[in-house]
**Q** 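A single structure is presented below for examination.
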Amino acid sequence: MTYTGDVQVGGPADVRELPALTVCKLAVGPYDNNAYLLRCAATGEGLLIDAAADADRLLALMGEQPVGTIVTTHQHGDHWQALEQVAKVTGARLVAHPLDAPALPLPVHRTVEHGDTITVGEVTLEVIHLRGHTPGSIAVLYDGGEAGHHLFTGDSLFPGGVGNTNKDPERFDQLFNDVVERIFDRLPDETWVYPGHGKDTTLGVERPSLPEWRARGW
């Protein structure tokens with residue numbers, strides 16, 4: 001079946017099979033968070049983006065295969081409610097940006113900055129720091145070559161706009177500028193965006209709305 005990215009809390013994961021990487025998207029918790037399980041096709045090694053909630057469902061999604069890393073996209077509590085339990089069961093290494101890591105319920109094993117890389121098996125992911133939603137919000141980019149670009153944006157970019165900056169003009173300007181310069185100016189329209197809540201989108205769908213986002217200030 002074709003991947004759509006449309007998932008519901010309590011429903012099944014949606015699975016995308018890329019040549020080198022499998023992406024499983026699961027909706028969890030009272031805030032309809034998205035959690036993403038990435039698996040290297042060559043090694044079976046797994047990486048989880050945001051252990052947001054519903055630890056039992058996340059662990060069931062992982063099954064018996066190893067998950068060596070959990071990346072937390074930012075410090076807000078709805079993105080790490082299941083972190084302690086999932087980390088205890090899997091023994092995974094915890095990764096976050098140093099500006100947000102102190103707010104997490106467990107110490108992280110590795111802090112990552114803009115431009116750093118994270119590996120899952122034979123696959124390399126790139127960290128993109130997007131300042132504004134929180135000081136240490138990050139996105140994770142997979143460049144799959146002919147399989148396209150796949151961008152996991154946490155709460156920094158959604159269909160229809162950037163993340164919440166609490167009507168703070170400075171924070172909005174920072175986030176908007178980072179999203180434009182570090183994502184839209186660099187990546188092609190076909191780039192698939194996997195956000196922290198709700199449905200997926202592509203940069204091509206969102207690009208024409210950038211002037212509107214700038215004008216409205218949110």
Side-chain angles (χ1 to χ4, degrees), residues 21 23 33-36 38 47-52 68-80 83 92-120 123-144 148-189 191-198 200-203 206-207 209-210 213-214 217-218:
L21 189 73
V23 178
N33 287 74
N34 296 324
Y36 298 95
L38 314 185
L47 176 147
L48 180 67
I49 298 176
D50 286 343
T69 306
I70 302 173
V71 177
T72 302
T73 58
H74 63 287
Q75 64 177 269
H76 288 158
D78 60 311
H79 289 259
W80 51 255
L83 184 61
R93 290 171 52 82
L94 309 185
V95 176
H97 191 278
L99 293 178
D100 277 18
L104 304 184
L106 294 172
V108 303
H109 299 91
R110 181 189 175 198
T111 57
V112 288
E113 303 273 5
H114 181 67
D116 285 348
T117 59
I118 303 167
T119 57
V120 51
V123 171
T124 299
L125 310 170
E126 179 188 341
V127 174
I128 301 176
H129 187 195
L130 300 171
R131 301 158 290 187
H133 181 64
T134 66
S137 289
I138 58 173
V140 177
L141 173 66
Y142 170 55
D143 180 353
H149 293 79
H150 300 264
L151 183 66
F152 302 85
T153 57
D155 284 1
S156 291
L157 177 62
F158 294 98
V162 298
N164 182 18
T165 52
N166 297 111
K167 300 182 178 180
D168 182 322
E170 291 186 6
R171 287 175 57 195
F172 171 78
D173 285 346
Q174 181 71 80
L175 180 55
F176 181 84
N177 290 335
D178 275 1
V179 165
V180 169
E181 295 168 6
R182 298 181 175 187
I183 294 177
F184 282 94
D185 286 354
R186 174 188 168 199
L187 299 173
D189 282 351
T191 301
W192 196 276
V193 176
Y194 305 80
H197 304 264
D200 298 354
T201 186
T202 66
L203 294 188
E206 306 303 324
R207 194 182 300 274
S209 300
L210 289 174
W213 300 356
R214 164 64 84 184
W218 58 272

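Given the structure is predicted, the values throughout are model-derived calculations rather than measurements.
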**Q** When you measure from the side chain of Asn33 to the backbone N and O of His197, does any donor-acceptor pair fall under 3.5 Å?
**A** no

**Q** From Thr134 OG1 over to Asp100 CG, what is the distance, rounded to the nearest 0.5 angstrom?
**A** 3.5 Å

**Q** Do Arg186 and Glu126 meet the salt-bridge criterion of a basic N to acidic O distance under 4.0 Å?
**A** yes

**Q** I'd like to check Leu94 versus Thr69 (side-chain heavy atoms, cut-off strictly below 4.5 Å). Are they in contact?
**A**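 Contact flag for Leu94/Thr69 side chains = no.
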
**Q** What are the two closest heavy atoms between Gly132 and Thr165, and how far apart are they?
**A**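 For Gly132 versus Thr165, the nearest heavy atoms are O-CG2, 3.7 Å.
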
**Q** Measuring from Thr153:OG1 to Leu203:CG, what's the distance to the nearest 0.5 Å?
**A**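 Those atoms lie 9.5 Å apart.
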
**Q** Testing the basics here: between Gly196 and Phe158, what is the closest heavy-atom pair and its distance to 0.1 Å?
**A** N-CE2, 4.1 Å

**Q** Side chains of His129 and Glu113: any donor to acceptor distance under 3.5 Å?
**A** no

**Q** Go through the side-chain N and O atoms of His79 and Asp50 and say whether any donor and acceptor fall under 3.5 Å apart.
**A** yes

**Q** Taking all atoms of both residues into account, what is the closest heavy-atom pair of Leu104 and Val108, and its distance?
**A**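 Between these two residues, the closest heavy atoms are CD1-CG1, 3.8 Å.
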
**Q** Give the intermediate values and the outcome of side chain to side chain contact (heavy atoms under 4.5 Å, CB included) for residues Asn177 and Arg182.
**A** CA-CA 8 Å; Asn177 290 335; Arg182 298 181 175 187; over 6 Å; no

**Q** Considering all heavy atoms of both residues, which atom of Ser156 and which atom of Val179 are nearest to each other, and what is their separation?
**A** O-CG2, 3.9 Å

**Q** Roughly how far, to the nearest 0.5 Å, is NE2 of His133 from CG of Asp155?
**A** 4.0 Å

**Q** Please identify which of these residues, Ile128, Thr72, Val112, meets the side-chain contact (heavy atoms from CB on, under 4.5 Å) condition with Ile138.
**A**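 Output: one option passes, namely Val112.
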
**Q** With sequence neighbours excluded, what pairs up with Thr119 under the side-chain contact (heavy atoms from CB on, under 4.5 Å) test?
**A**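 Scan of Thr119 (side-chain contact (heavy atoms from CB on, under 4.5 Å), adjacent residues dropped) gives Thr124.
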
**Q** Please verify the inter-ring angle class for His76 with His74; under 30° counts as parallel, over 60° as perpendicular, anything in between as tilted.
**A**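 Rings of His76 and His74: perpendicular, as their planes differ by over 60°.
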
**Q** What I'd like to find out is whether the side chain of Leu125 reaches to under 4.5 Å of the side chain of Val120, using heavy atoms alone.
**A**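 Yes, at least one pair of side-chain atoms sits under 4.5 Å.
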
**Q** Please name the pair of heavy atoms, one in Pro195 and one in Leu157, separated by the smallest distance, quoted to 0.1 Å.
**A** CB-O, 3.6 Å

**Q** Nearest heavy-atom pair of Thr111 and Ala101: which atoms, and what distance?
**A**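 Result for this residue pair: CG2-CB, 4.4 Å.
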
**Q** Any side-chain heavy atom of Ile118 within less than 4.5 Å of one from Val127?
**A** yes

**Q** Can you measure from CZ (Phe184) to CG (Asp189) and round to the nearest 0.5 angstrom?
**A**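 If I round to the nearest 0.5 Å, the distance is 9.0 Å.
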
**Q** Enter the distance from His114:NE2 to Leu130:CG here, rounded to the nearest 0.5 Å.
**A** 8.5 Å

**Q** Can you find a pair of side-chain heavy atoms, one from His149 and one from Pro188, that are under 4.5 Å apart?
**A**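 Answer yes - side chains close enough.
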
**Q** Under the side chain to side chain contact (heavy atoms under 4.5 Å, CB included) rule, what do Leu38 and Val123 come out as? Steps first, then yes or no, please.
**A** CA-CA 10 Å; Leu38 314 185; Val123 171; over 6 Å; no

**Q** Just wondering, do Asp200 and Trp192 contact through their side chains at under 4.5 Å, heavy atoms?
**A** yes

**Q** Measuring from Leu151:CG to Thr202:OG1, what's the distance to the nearest 0.5 Å?
**A** 11.5 Å

**Q** For Trp213 and Leu210: C-alpha separation, side-chain torsions, deciding distance, then whether side chain to side chain contact (heavy atoms under 4.5 Å, CB included) applies.
**A** CA-CA 5 Å; Trp213 300 356; Leu210 289 174; 3.6 Å; yes

**Q** Regarding Thr201 and Glu206, do their side chains bring together a donor and an acceptor under 3.5 Å, going by distance alone?
**A**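 Glu206 and Thr201 do have a side-chain donor-acceptor pair below 3.5 Å.
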
**Q** Mind checking what makes side-chain contact (heavy atoms from CB on, under 4.5 Å) contact with Pro102, not counting sequence neighbours?
**A** none

**Q** Side-chain contact, heavy-atom cut-off 4.5 Å: Val140 with Leu47?
**A**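 No. Closest side-chain heavy atoms not under 4.5 Å.
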
**Q** Does Gln75 offer a backbone N or O that forms a donor-acceptor pair with the side chain of Trp80 under 3.5 Å?
**A** yes

**Q** Please verify the inter-ring angle class for Tyr194 with His150; under 30° counts as parallel, over 60° as perpendicular, anything in between as tilted.
**A** tilted

**Q** Just grab all the salt bridge (charged side-chain N to carboxylate O under 4.0 Å, His left out) pairs involving residues 164-176, residues at least two apart or on different chains.
**A** Asp173-Arg214

**Q** Before giving the answer on side chain to side chain contact (heavy atoms under 4.5 Å, CB included), spell out for Ile70 and Val95 the whole-Å C-alpha distance, their side-chain angles and the decisive distance to 0.1 Å.
**A** CA-CA 6 Å; Ile70 302 173; Val95 176; over 6 Å; no

